[in-house]
Amino acid sequence: MKFLKAVNNNTIGGTPIGASAEDKWTGQRSIQANLRKTLRVVLSVLNVVGLLVLVLIFAMPFVWMISTSLKTMPETMIFPPEWIPKNLVWQNYADAWNTGPFLSYFVNSVVISVGILILQMLTIIPASYAFARYKFRGSNFLFGIVMVTLMIPAQLIFLPVYLELSAFKLLNTHLGLILPFASSAFGIFLLRQAFKQISDELLEAARLDQAAEWKIILKIMVPMVKPVLVTFALFSFIAHWNDYFWPLVMTTNETARTLPLGIAKIREVEGVATWNILMAGNLILVAPILLVFFLSQRQIIKAFVYNGVK
Amino acid sequence: MTVWEKLRPYGMVAPAIIIFSLFFIYPIFYMIYLSMFDWNFVSPVKTYVGFQNFKDLLMEPDFRQVLSNTTIYMVLTVTLTTVIALLLALWLNRKSYFYGFVQGAIFTPHIISLVSISLLWSWLMDPEYGLLNWVIGLAGFDKLQWLSHPSTSLISLVMVAVWKGLGYNTLVFIAGLQSIPTDIYEAASLDRSKPWRTFTKLILPMLSPTLFFLVIINMIGSFQVFETIAIMTQGGPVNSTNTLVYYIYEYGFRFFKIGYASAAGVILLIIVGILTMIYFKMLSNRVHYR
Amino acid sequence: MAKIELKHISKKFKDETIIEDLNLTIKDGSFTVLVGPSGCGKSTTLRMVAGLEKQSGGEIWIDDKCVNDTPPGLRDVAMVFQNYALYPTMTVRGNIEFGLKNRGVPREEREKLVKDISEIVGLTPHLDKKPQSLSGGQRQRVALARAMVKKPKVFILDEPLSNLDAKLRNQMRTELIQLHKRLGTTFVYVTHDQVEAMSMGDEIVVMNKGVIQQADSPMKIYHDPANLFTAEFIGTPAMNIMNRKDVQGLDIQSAAGIGYVGFRPEQAMINAGADIEGYVLEGEILIRESLGAENIYQIQSRTGIFYVKTFLAPLVTADRVTVTVPHDDLYYFGLSGERLRGIEVSTKRPVPAGGI
């Protein structure tokens with residue numbers, strides 16, 4: 001509600017009640033003014049305290065994760081908790097890494113996320129351009145397919161897709177994990193909006209400049225939607241880097257498994273109570289993303305939020 | 001128009017459409033087809049059973065609980081996330097370094113893998129050594145069982161989902177608020193509009209496209225819930241956190257009842273389909289402010 | 001340089017007919033202005049010439065060549081758009097030379113052309129900037145340079161000045177006129193602003209509802225309007241138009257068919273005295289607008305409100321005035337708005353008591 005107050009400042013605050021100059025009034029008014037001043041100070045202190053609590057709620061779990069990852073197992077059970085362990089147990093990270101073929105997990109994660117991204121770019125740019133800029137018979141029907149796809153969560157149809165991939169002998173392969181996401185309905189939807197917003201005049205100018213259609217697309221239109229493309233790329237990469245469900249369902253052995261699966265598996269290997277090693281493994285998965293986020297926080301937030309507004 | 005010019009748009013959309021048809025559209029029909037068979041995935045024989053799988057499913061008390069779990073989870077998550085995020089957005093919509101920092105902090109969970117978040121919260125919610133129980137102990141409350149007791153397990157999962165989604169929702173709302181031209185507020189204050197009135201009559205309607213967008217995204221997300229359940233509770237205890245996708249997963253990949261799992265998938269498909277259509281209708285009828 | 005001919009052009013959008021059977025010849029080397037209210041089809045006509053819009057029927061000829069099937073890039077036409085349509089992802093230089101690159105002009109020649117043009121329009125210091133960092137006037141110049149550098153046969157300008165502020169607009173007007181003189185190329189210019197049309201064009205085409213009302217030189221359009229629409233559209237304030245039946249005290253020979261009588265505000269005289277022969281109106285001054293050199297009066301007469309404009313004359317302070325319009329300055333129009341010429345009149349005398 002702070003926000004509303006700020007907006008309506010000129011009606012709420014600063015309006016002296018009764019402009020009389022009599023003495024009793026002046027006294028009362030100064031008391032009122034003092035009260036109001038105190039109230040304002042109290043409110044702003046409360047506001048800052050509230051903000052700090054908010055930050056705490058979101059930051060504390062991560063701090064706790066780091067703290068736990070550097071403890072010995074008995075230390076994890078001490079209460080009140082020690083936020084900074086006496087001896088930092090870096091061995092936990094090595095232990096976590098050695099619970100499975102982590103190098104292979106890592107390589108698989110990179111290959112699959114990047115592979116998906118490249119194919120998506122190649123398929124969504126021409127498709128969204130055609131949907132945004134050309135009139136053709138059946139375009140409504142074809143765009144309907146895109147919209148239906150947009151509305152179907154992939155988790156809903158994993159069973160038939162699993163059977164399909166198994167028939168193509170694509171289970172446990174990189175290709176099998178990449179192909180179903182080689183295009184993105186969400187990407188087409190976003191990019192189509194962006195292409196639609198470009199003014200017709202610009203295209204006409206290019207046509208008068210004797211530019212061929214492919215040149216108009218590559219030299220003028222695509223550079224203009226670059227921010228949206230970057231947005232989508234960040235979005236897609238993070239989503240597939242983090243994905244657990246799809247690789248879990250589409251793999252039956254370690255050959256194509258990714259980092260999130262490896263981390264989740266630590267618990268099976270090390271047992272339930274080894275929270276220190278589990279958190280160490282968790283940090284291996286989270287650290288790169290957190291690092292990138294801290295370095296380009298503004299960019300990433302803008303990218304994700306942009307999707308919501310357009 | 002040359003032939004090439006006529007064919008060009010089809011060529012441009014073809015790769016995407018082929019992918020969608022192969023991995024999204026065709027599987028839907030394949031799933032509907034499979035839902036009418038009894039098949040264990042290994043045997044070469046599929047036995048046609050008509051609607052028997054659906055009948056079995058709907059008679060199954062477990063499945064009814066799965067349906068109600070999913071619905072409760074979805075309603076709670078969507079409502080809590082949207083309402084709290086809206087309040088936070090009104091609170092945090094300032095342009096200063098400190099507020100930017102707070103916004104960044106609450107956004108962080110959104111880009112973290114659900115695997116990490118599930119593991120982290122399993123640890124925080126550990127009944128014996130978890131940080132949460134220590135904190136509520138300090139505040140003088142009894143320890144909670146969190147994920148380990150049917151009465152609190154589902155709401156614990158909702159908590160995690162809200163914690164993860166809040167930052168994203170808040171920032172989208174803030175972006176929506178900032179896209180409202182400020183002269184509207186100025187006009188309202190000149191008209192002596194009270195804050196609550198300004199909020200209900202101006203801000204909320206202008207924000208409605210954002211609101212609808214978020215509700216749809218959150219609903220679709222909630223129906224897909226799988227990771228937190230698979231990692232934190234495996235549907236338990238006593239089925240209290242078993243939801244649709246996890247149920248399908250278990251029947252398909254643990255018990256190899258492909259037809260049965262497909263039937264559950266078809267039911268999920270119908271629910272999502274109806275909800276989507278309702279929202280698109282509402283969207284086209286009501287959201288005309290921008 | 002080129003002459004443009006539009007033959008029996010028609011244009012339909014879905015079921016709506018925008019233009020029907022339009023015939024127009026734009027003279028080689030002329031500065032032709034298409035003017036009319038918004039939605040009159042002037043922009044559509046222009047875009048059909050450029051090839052951005054395909055006509056539903058008829059032929060377009062540029063220089064004795066039918067260009068019906070020629071794509072826009074090959075018509076040798078350059079266009080300046082209302083919102084400039086600069087490529088935001090390219091520098092000023094990139095914008096100017098994009099068309100040349102597409103034509104395969106070699107690098108050295110391109111550089112020379114860009115250099116020459118940017119000197120003419122004064123863009124040399126800004127060549128490596130992006131359009132977004134330029135002012136409105138500078139963007140306008142980039143758009144011009146981009147069109148000019150291709151040395152087209154025809155220049156097409158679609159309300160190019162409408163996004164500029166008043167002062168800059170006046171300046172660009174002069175610059176465009178000079179540019180036309182210098183290049184000698186055919187300019188086709190679209191505007192809804194009749195002042196702009198009058199001040200820039202050497203040939204004006206007045207359009208309304210997809211029909212050409214009149215195509216003539218500015219002076220002919222002003223002094224000799226072909227119909228009621230043109231008469232009312234050109235000039236500020238607009239020509240005063242009276243219904244024939246409200247006009248009394250005029251002895252009109254061959255009165256048949258006259259629907260309206262009109263006169264220009266600047267040709268009427270206030271309190272002129274009895275020695276000037278003409279049509280006399282009496283009225284009460286409602287509003288005086290003094291612009292310094294000229295004064296505009298809004299006058300209420302018995303039959304309605306009309307305007308009078310005087311030049312370098314002292315402001316009339318009296319409320320009730322007599323207004324005289326010389327007979328030669330009266331315009332007559334038929335019932336359907338067409339101009340009637342060669343009508344002889346004289347004032348009826350004596351004025352009946354209580355008349356006018």
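We use all heavy atoms of the structure for the numbers below, so side chains are in, but hydrogens, waters and symmetry mates are not. Numbered from 1 within each chain, the chains take letters A, B, ... in sequence-line order. All values derive from a computational prediction rather than experimental measurement.
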Exercise for review: Please flag which part of A:Arg133 lies under 4.5 Å from any non-hydrogen atom of chain B: side chain, backbone, both or neither.
Suggested key: neither

**Study point:** Residue part contacting chain A, namely of B:Leu22, when any heavy atom lies under 4.5 Å
**Key:** both

Exercise for review: Might you point out which heavy atoms bring B:Leu119 and A:Arg267 nearest each other, and give the distance in Å?
Suggested key: CD2-NE, 4.2 Å

Point to revise | Structural part of A:Ala264 lying under 4.5 Å from a heavy atom of chain B | key: both

Check your understanding: Given that the side chain runs from C-beta out, which part of A:Thr76 has a heavy atom under 4.5 Å from chain B: side chain, backbone, both or neither?
Key -> both

Study note, to complete from the structure: Pair count under 4.5 Å, heavy atoms only, with chain A: among B:Ser122, B:Gly273, B:Ala264, highest is B:Ser122

Review point. Parallel, tilted or perpendicular: which fits the ring planes of B:Tyr249 and A:Phe245, with parallel below 30° and perpendicular above 60°?
Key: tilted

Point to revise | Contacting region of A:Ile238 [heavy-atom separation from chain B under 4.5 Å] | key: side chain

Review point. How long is the span from the CG atom in A:Asn47 to the CZ atom in B:Arg94, to the nearest 0.5 Å?
Key: 6.0 Å

Exercise for review: Could you tell me which portion of A:Phe136 (side chain, backbone, both or neither) has an atom closer than 4.5 angstrom to a non-hydrogen atom of chain B?
Suggested key: both

Review point. What residue in B:Pro15, B:Pro27, B:Ala14 has the most heavy-atom pairs under 4.5 Å with chain A?
Key: B:Pro27

Practice item. Pick one of side chain, backbone, both or neither for A:Leu179, based on which atoms fall under 4.5 Å of a heavy atom in chain B. Key: both

Review point. What part of A:Leu165 lies closer than 4.5 angstrom to a heavy atom of chain B: side chain, backbone, both or neither?
Key: side chain

**Study point:** Euclidean distance, A:Leu150 CG relative to B:Phe20 CZ, rounded to 0.5 Å
**Key:** 8.5 Å

Check your understanding: Can you check whether A:Arg137's main-chain N or O pairs, donor with acceptor, with B:Tyr10's side chain at less than 3.5 Å?
Key -> yes

Review point. Once the angle between the rings of B:Trp163 and A:Phe62 is folded into 0 to 90°, is it parallel (under 30°), tilted (30 to 60°) or perpendicular (over 60°)?
Key: tilted

Exercise for review: With a 4.5 angstrom heavy-atom cut-off, could you sort out which part of A:Ala239 is near chain B: side chain, backbone, both or neither?
Suggested key: neither

Review point. Is it the side chain or the backbone of A:Val292 that comes within 4.5 Å of chain B heavy atoms, both, or neither?
Key: neither

Exercise for review: Mind running side-chain contact (heavy atoms from CB on, under 4.5 Å) on B:Gln103 and A:Gln297 for me, showing each step along the way?
Suggested key: CA-CA 10 Å; B:Gln103 290 174 9; A:Gln297 186 187 343; over 6 Å; no

Practice item. Name the option with the most non-hydrogen atom pairs under 4.5 Å to chain A; the candidates are B:Val245, B:Ile25, B:Leu124, B:Ile111. Key: B:Ile111

Review point. Relative to chain B, which of A:Trp64, A:Tyr244, A:Tyr134 shows the most heavy atom pairs under 4.5 Å?
Key: A:Trp64

Review point. When heavy-atom pairs shorter than 4.5 Å are enumerated against chain A, which of B:Leu268, B:Ile112, B:Leu214, B:Ile28 gives the highest number?
Key: B:Ile112

**Study point:** Closest heavy-atom pair and its distance - B:Pro109, A:Phe58
**Key:** CG-CD2, 3.7 Å

Exercise for review: State, yes or no, whether a side-chain contact exists between B:Trp123 and A:Leu278 at a heavy-atom distance under 4.5 Å.
Suggested key: no

Review point. Pick from B:Ile231, B:Asp126, B:Val272, B:Leu114: which one has the most heavy-atom pairs with chain A under 4.5 Å?
Key: B:Ile231

Point to revise | Rounded distance (nearest 0.5 Å) linking atom NE2 of B:His110 with atom CD1 of A:Ile301 | key: 10.5 Å

**Study point:** B:Met12 to A:Ala130 - nearest heavy-atom pair and separation
**Key:** CB-CB, 3.9 Å

Check your understanding: At a heavy-atom separation under 4.5 Å, does B:Phe29 approach chain A through its side chain, its backbone, both, or neither?
Key -> neither

**Study point:** Nearest heavy-atom neighbours spanning A:Pro81 and B:Leu131
**Key:** CG-CD1, 4.0 Å

Point to revise | Side chain, backbone, both or neither of B:Leu92 within contact of chain A (heavy atoms, under 4.5 Å) | key: side chain

Study note, to complete from the structure: Of all heavy-atom pairs linking A:Pro180 and B:Phe24, the shortest is O-CE1, 3.7 Å

**Study point:** Sub-4.5 Å side-chain heavy-atom contact between B:Phe98 and A:Leu52
**Key:** yes

Study note, to complete from the structure: Only one of A:Ile263, A:Leu285, A:Ile284, A:Asn242 passes side-chain contact (heavy atoms from CB on, under 4.5 Å) with B:Ser116, and that residue is A:Leu285

Study note, to complete from the structure: Most heavy-atom pairs under 4.5 Å with chain B, out of A:Leu248, A:Val148, A:Leu261, A:Ile300, belong to A:Leu248

Review point. Any idea which of B:Gln224, B:Glu227, B:Arg8 has the most non-hydrogen atom pairs under 4.5 angstrom with chain A?
Key: B:Gln224

Review point. Once you round to the nearest 0.5 Å, how far does CD1 of B:Ile117 lie from CE of A:Met65?
Key: 9.5 Å

Check your understanding: Taking only residues two or more places apart in sequence or in another chain, which ones pass side chain to side chain contact (heavy atoms under 4.5 Å, CB included) with A:Leu56?
Key -> A:Met60

Study note, to complete from the structure: With sequence neighbours left out, the residues meeting side chain to side chain contact (heavy atoms under 4.5 Å, CB included) with A:Glu75 are A:Lys71, A:Thr72, A:Ile78, A:Glu82, A:Pro85, A:Lys86

**Study point:** Segment of A:Tyr162 engaging chain B (4.5 angstrom heavy-atom cut-off)
**Key:** side chain

Practice item. Determine the minimum heavy-atom distance between B:Ile258 and A:Leu159, stating which atoms define it. Key: O-CD2, 3.9 Å

Study note, to complete from the structure: Partner of B:Leu120 under side-chain contact (heavy atoms from CB on, under 4.5 Å), picked from A:Val286, A:Leu283, A:Asn282, is A:Asn282

**Study point:** Between B:Phe226 and A:Phe158, ring centroids under 6.0 Å
**Key:** no

Revision key, fill the gap. Bottom line for A:Met77: the part with an atom under 4.5 Å from chain B's heavy atoms is both

